[in-house]
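All values below come from the heavy atoms of this structure, side chains included, with hydrogens, waters and symmetry mates left out. Along the sequence shown, residues are numbered consecutively beginning with 1.
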Amino acid sequence: MIMIQPCRYTDGHDSFLGKLFCDDRYAAPRAGILIAHAFGGLGSFEEERAKELAAEGYIVLAADYYGDGKRATDSNEANALMTELNANRDVFARRMIAALDELKRQDNVDPNRVGAIGFCLGGKAILDLARTGQEFRAAVSFHGVYDPPANTTSRIVPSILILHGWDDPLSRPDSVLALAAELTAKCDDWQLAAFGHTGHSYTNPAAQMPEQGMFYSQLATERSWKAMLAFFQETLTHD
C-alpha cells in the first residue's frame with residue numbers, strides 16, 4: 001500500500017510543503033528520489049509519477065520549490081512564478097538543496113542512494129541542483145530547460161540522464177549542444193536521449209499547447225520512463 005504524507009521543510013528563509021510517498025511492502029532503508037514539479041506547481045501529474053516510483057520501491061519526495069505548496073491557478077500566474085525564480089537562480093538552487101536534504105533526512109531513506117527527476121522547469125531545477133556540487137547519485141531531466149546559471153561548480157557529482165524532445169522550442173539544438181559541452185567538461189557520467197517529432201511537455205497530456213510546440217507523445221513518454229527506470233536500476237541499487 002502506498003502511503004502519502006505531507007512534508008514541511010525549510011531552506012532557512014522560506015517554508016515549503018511537499019509530499020512523501022512510500023510503499024510499505026518494501027523494507028527500509030531504501031533509495032530515495034526527489035521530484036521537481038513543472039512550472040504550475042506541485043500537482044496531480046507529479047503526484048502520479050511519485051506513486052509510480054513508490055510502487056517500484058523508492059521513497060519519493062515530491063518537492064515544492066515555490067513555497068507553502070503554492071500552485072498557479074492559470075498559465076499567467078505560472079509564468080510569473082517561473083520568471084521570478086529564473087531571475088533568482090541562487091534562490092532556486094537553495095530551495096532544491098533544502099528539498100534534497102529533507103529527503104536524505106528521512107529515517108527510511110538511504111542518504112547514499114538518492115536520485116532526482118524533474119519535468120519542464122523542474123528539469124532545470126534538477127540540473128541546477130547538480131550544478132551546485134551536491135552529493136547525490138543520479139539526476140534525470142524530462143523536457144527540461146538547459147541554460148546554466150551564472151555561477152556553477154567545477155564538478156557535477158551525479159550521473160545525468162537528459163530525456164529531450166528534439167522539437168522542443170524551449171530547448172533548441174544550440175542549447176542542447178551547449179549542455180553537452182558543459183556536461184562533458186564537468187560530469188563524469190552523462191547521457192542524452194532525444195526523441196524525434198517530439199516537443200515540450202511530451203509526458204503530460206494535460207499541459208498541451210500545440211501551437212507553441214507543446215504536445216503529448218505517448219511513445220516518447222513510455223520510452224523516457226523506461227529509460228529512467230533502467231538508469232535508476234543501474235545507479236541506485238548498489239551501496
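- Inspection of the Arg137 and Ser159 side chains reveals no N or O donor paired with an N or O acceptor under 3.5 Å.
- Salt bridge Lys19/Asp64: absent, no basic N to carboxylate O contact under 4.0 Å.
- Between the side chain of Glu84 and the main chain of Ala80, no donor-acceptor pair closer than 3.5 Å is present.
- A salt bridge links Asp128 to Arg89: at least one charged side-chain nitrogen sits closer than 4.0 Å to a carboxylate oxygen.
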Practice prompt. Check the pair Leu34, Ile117 against side-chain contact (heavy atoms from CB on, under 4.5 Å), reporting the backbone distance first and the verdict last.
Written response: CA-CA 6 Å; Leu34 180 68; Ile117 71 173; over 6 Å; no
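- Side chain of Ser201 to backbone of Asn204: no donor-acceptor contact under 3.5 angstrom is found.
- Ring pair Tyr202/Phe195: centre-to-centre distance below 6.0 Å.
- Taking the charged nitrogens against the carboxylate oxygens, Arg71 and Glu77 have no contact shorter than 4.0 Å, which rules out a salt bridge.
- A donor-acceptor pair shorter than 3.5 Å cannot be found between the side chains of Asn112 and Lys104.
- Within a 6.0 Å sphere centred on CG of Asn151, heavy atoms belonging to other residues, nucleotides or ligands number 12 at most.
- Note on Arg49 versus Glu46: no salt bridge recorded, every NZ/NE/NH1/NH2 to OD/OE distance being 4.0 Å or above.
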Worksheet entry | Stepwise side-chain contact (heavy atoms from CB on, under 4.5 Å) check, Asp11 with Phe16 | CA-CA 8 Å; Asp11 65 352; Phe16 305 93; 3.6 Å; yes
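- Checked by atom type and distance alone, the side chain of Glu56 never pairs as donor or acceptor with a backbone atom of Leu229 at under 3.5 Å.
- Criterion: ILVMFWY side-chain heavy atoms under 4.5 Å apart, direct or through other members. Under it, Phe119 and Phe232 are part of a common hydrophobic cluster.
- Counting heavy atoms from C-beta on, the side chains of Asp189 and Ile160 never come closer than 4.5 Å.
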Practice prompt. Using the side-chain contact (heavy atoms from CB on, under 4.5 Å) rule, take Arg131 and Ile156 through it: C-alpha gap first, then chi angles, then the decisive distance, then the call.
Written response: CA-CA 6 Å; Arg131 286 164 168 144; Ile156 291 174; 4.3 Å; yes
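- Distance CZ/Arg172 to CG/Asp167: 9.5 Å, rounded to 0.5 Å.
- The CD atom of Glu182 lies 7.5 Å from the CG atom of Leu127; values are rounded to the nearest 0.5 Å.
- In Arg223, the CZ atom is not crowded: 12 or fewer heavy atoms of neighbouring residues, nucleotides or ligands sit closer than 6.0 Å.
- Under a hydrophobic-cluster definition in which Ile, Leu, Val, Met, Phe, Trp and Tyr are linked whenever side-chain heavy atoms come within less than 4.5 Å, directly or via other members, Leu161 and Phe142 are assigned to the same cluster.
- To the nearest 0.5 angstrom, Arg105 atom CZ is 9.5 Å from Leu100 atom CG.
- The hydrophobic clustering, which links ILVMFWY residues whose side-chain heavy atoms are closer than 4.5 Å, places Leu236 and Leu53 together.
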Discussion item. Before you tell me yes or no, could you show the steps for Ile59 and Ile33 under side-chain contact (heavy atoms from CB on, under 4.5 Å), namely the whole-Å CA-CA distance, both residues' side-chain angles and the distance that decides it to 0.1 Å?
Written reply: CA-CA 6 Å; Ile59 307 294; Ile33 295 178; over 6 Å; no
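- Tracing side-chain contacts under 4.5 Å through hydrophobic residues (I, L, V, M, F, W, Y), one reaches Met228 starting from Phe45; they form part of the same cluster.
- Within the 3.5 Å criterion, the main-chain N or O of Glu234 finds no donor-acceptor partner in the side chain of Thr237.
- Here the closest non-hydrogen pair linking Asp168 and Leu170 is OD1-N, 2.8 Å.
- Thr198 approaches Gly196 most closely through the heavy-atom pair OG1-O, 2.8 Å.
- Shortest non-hydrogen contact noted between Ile126 and Met96 is CD1-CE, 4.0 Å.
- Proximity of Leu20 to Ile4: side-chain heavy atoms (C-beta onward) are nowhere separated by under 4.5 Å.
- Checked for salt-bridge contact, Arg95 and Asp14 meet the test: a charged N lies under 4.0 Å from a carboxylate O.
- Shortest non-hydrogen contact noted between Leu17 and Pro6 is CD1-CB, 4.1 Å.
- Neither side chain, His164 nor Ser171, offers a donor N or O lying under 3.5 Å from an acceptor on the other.
- We find the CZ-CD1 distance between Phe136 and Ile97 to be 9.5 Å, quoted to the nearest 0.5 Å.
- Side-chain contact, Ser141 with Lys124: no donor N or O sits under 3.5 Å from an acceptor N or O.
- By the criterion of side-chain heavy atoms lying less than 4.5 angstrom apart, applied directly or through intervening Ile, Leu, Val, Met, Phe, Trp or Tyr residues, Leu61 is not grouped with Leu42; the two fall into different hydrophobic clusters.
- Taking the six-membered ring where the residue is Trp, Tyr65 and Phe92 present perpendicular rings, their angle passing 60° and hence far from 30°.
- Considering only heavy atoms from C-beta on, Trp166 comes within 4.5 Å of Pro173 through its side chain.
- Using modelled atom types, no side-chain atom of Asn108 and backbone atom of Pro29 make a donor-acceptor pair closer than 3.5 Å.
- Looking at Asp23 and Arg25, a side-chain N of the basic residue comes within less than 4.0 Å of a carboxylate O on the acidic one, giving a salt bridge.
- More than 12 heavy atoms of other residues, nucleotides or ligands sit less than 6.0 Å from atom CG of Asp74.
- For Thr153 against Arg155, the heavy-atom pair with the smallest separation is CG2-O, 2.8 Å.
- For the residue pair Ala78 and Tyr66, the shortest heavy atom distance occurs at O-OH, 4.0 Å.
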